[in-house]
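Protein chains get the first letters and strands the later ones, always in sequence-line order, with residue 1 at the start of each.
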Amino acid sequence: MTALARAIGIRLGLAIGLLLAVVVVVFFLIQVAPGDAALYLGIQQGVGDPEYLAGLRADYGLDRPLLVQLGSYIGQVAQLDLGQSTYFDQPVLGLILDRLFATVLLAGASLFFAVMVGVAIGVFTARRPESPASHGVTVLSLLGFATPVFWSALMFIVIFAAGHPFSILPVGGIEDVRYNGNWLGETIDLLQHLVLPALSLGIIYLAIYSRLARASMLEVLESDYIRTARAKGAHERVVVYKHALRNAIIPVVTTVGLQVGALFSGALLVEFVFGWPGIGRLAVNSILRRDSPTLLGIMIFASAMTIVANLLTDLAYRLIDPRIRVGGSR
Amino acid sequence: MTDLGIAVDSVETGSRGALRMFLRNKAAVFGLVVFTLIALITIFGPGLYGTSARKMVAPPFLGPGDDLAPLLGTDYLGRDILAGIITGGRTTLLVAIVAALMTMTFGLVIGSLAGYFGRWIDSLLMRFTEIFQVMPSLLFALVVIFLLGPGTRNETLAIGLTMWPAGARLTRAEFLRWREMEFVKAARAIGCSDLRIMFRTILPNAMPPLLTWTTLIVVTAILFHAGLAFLGLVDINSVSWGSMMGKNRGYALTAWWTVAFPGAAIMITGLSIALIGDGLQDAFNPKLRGR
């Protein structure tokens, strides 16, 4: 218990240090960029008078030494203040939290689909290693890896849009106004809107997970303890789904946890294509609006999410596989 | 190559054997042929095809097969899609390859230093690597371009800066594995410098997984650049597969060919490189074949 608590404590400490480092990186990125906030404000107001700009800089504390500014920036972030959006004139954190549900729903649904179907395909093909389906998994996984997610998203829209071959699903946005107030209708409507975005993001990961699950399962099925289980006469289904799957799933879990950052990148493009009102679309729009506090706030927020996801993966890892040494290095 | 005594020797026979194995892999050879064709088209295609990718050549939105339409149709400004695909590969491939080289250099330097010297250098460099690993890569690239402005150089930098951590970790793992081997100890015993041991003794042995990784990195960089161009964040005057899709996105429903073909070009290029990478992996590590 104490060892575990200490290990978790160390992980937490490292995670906080990591987040701090991200904040420092973001801060210096702002410094590297040409121009500063005062200049942007001046441009917006149509004022270029150096004296006025100097006044603005003094007002916002931009004339202080760099390290002092960094200190106050870190203090700000530590109080969960990610700054003020220059476009919405609202706190950035609020803007992000408003859109968090949509992004988590999209990413979660894609991941759930990819892991469930991927592991099923992996197990199915691992039991028939020489079948065409098994070789198909390899090719499909490479195809999934090489396909731009915004292309698959656009192709889904072309196929499923009204007036096109299969116009059965909505191809944009997250809700239809006609269901307002009716919670059952709203939920069904939300799920309908979710299908295509989640599929376009999910099939990319499905390709990766099915191959990973298959490779992992193949390896486990060859191990001695599986042969022993078969030798003692355990039912094949028990051997595969109980003994083998438990071990084979470990690399999949690790990869899922480590890919949260990549998942966000994919979600960003899918949100953009489908007009899905999530954090990714906010990030893209912030660039077009030159709303740097929002963009950088999203960057810090998303990094924090990735760090939390990595921590959770670490924990899940320990739960699935008690052999992992507490606080041990890989 | 687990036998310590022959590790250095087997690099020679190993790589020749690997080449033979690669050439026997039909999928990998197919990938190599397709990629060579694509590379030739991007180099010589624009000169041979003759139609400019920037000029209006026919009425807009002609589908493939329509009267007067070029082979793959025209976009919203009546530009030839095929000409765009032939011309657009250049920017994407150039940025992707340079970014991949940059990534490989970063990853190699940081990973080899961390893996070879270990201890505090290792901890320090790995913590540094983690910083770049937790920032979502596309978002980080967006931020870099947002702050530095578009342009081929900044795009390459943005992509290169986001992709190296995985390579650093891989290189480190390889160096950790090889540095305790007998032949490395022997090299140290006869007084070879650290630099020589790192790059002449260990690196050749660590190369196979790194080569495979590099092919994957090229694919990722292509997808990255395409994504940035699709979002309209690269140089607005450049023609690339991603930017063609981004500009025609609003018309996808009425003119599917304006987005379908450039995207297919990205996919086929990526797939051909991925097939090469897969073949390399099988050739270097036959134990993993078919997995």
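- The most heavy-atom pairs under 4.5 Å with chain B, out of A:Leu143, A:Val26, A:Val284, come from A:Leu143.
- Looking at A:Leu268, the atoms closer than 4.5 Å to chain B (heavy atoms on both sides) all sit in the side chain, from C-beta outward.
- The 12-atom threshold is exceeded at CZ of B:Phe117, counting heavy atoms of other residues, nucleotides or ligands nearer than 6.0 Å.
- Side-chain contact between B:Met135 and A:Val25 is present, with heavy atoms from C-beta onward closer than 4.5 Å.
- The heavy-atom pair separating B:Gly270 from A:Ala146 by the smallest distance is C-CB, 3.4 Å.
- Counting non-hydrogen atoms of other residues, nucleotides and ligands closer than 6.0 Å to CZ of B:Arg119 gives a total of 12 or fewer.
- To the nearest 0.5 angstrom, B:Thr220 atom OG1 is 4.0 Å from A:Phe145 atom CZ.
- With a 4.5 angstrom heavy-atom cutoff, A:Phe264 touches chain B only via side-chain atoms.
- If you tally non-hydrogen atom pairs under 4.5 Å between each of A:Leu263, A:Leu295, A:Ile307, A:Leu142 and chain B, the highest count goes to A:Leu142.
- Side-chain contact between A:Leu269 and B:Leu231 is present, with heavy atoms from C-beta onward closer than 4.5 Å.
- The contact between A:Ile287 and chain B is made by backbone and side chain atoms together, counting heavy-atom distances below 4.5 Å.
- A cation-pi arrangement is absent between B:Arg249 and A:Phe150 under the rule of less than 6.0 angstrom and at most 45 degrees off the ring axis.
- Per-residue heavy-atom pair counts under 4.5 Å with chain B were compared for A:Leu154, A:Leu296, A:Val137, and the maximum is reached by A:Leu154.
- More than 12 heavy atoms of other residues, nucleotides or ligands sit less than 6.0 Å from atom OH of A:Tyr73.
- The minimum heavy-atom distance between B:Pro136 and A:Ser265, with the atom names listed, is C-OG, 4.1 Å.
- The only option from A:Leu18, A:Val308, A:Leu19 that meets the side chain to side chain contact (heavy atoms under 4.5 Å, CB included) definition with B:Val134 turns out to be A:Leu18.
- Ranked by heavy-atom pairs under 4.5 Å with chain A, the first of B:Leu138, B:Ile273, B:Leu216 is B:Leu138.
- Interface remark: B:Phe224 contributes no atoms to any contact with chain A (heavy atom separation under 4.5 Å).
- With a threshold of 4.5 angstrom between heavy atoms, A:Met299 approaches chain B through its backbone and through its side chain.
- Taking 4.5 Å as the limit, every side-chain heavy atom of B:Gln133 sits out of range of all side-chain heavy atoms of A:Thr306.
- Neither the backbone nor the side chain of A:Leu212 comes within contact range of chain B; no heavy atoms are under 4.5 Å apart.
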Throw together a table of side-chain donor-acceptor distances under 3.5 angstrom for residues 259-268 of chain B, partners on residues two or more places apart or in other chains.
none

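- With a 4.5 angstrom heavy-atom cutoff, A:Leu14 touches chain B only via side-chain atoms.
- The distance from atom CG of B:Leu223 to atom OG1 of A:Thr147, rounded to the nearest 0.5 Å, is 8.0 Å.
- With a threshold of 4.5 angstrom between heavy atoms, A:Ala283 approaches chain B through side-chain atoms but not through N, CA, C or O.
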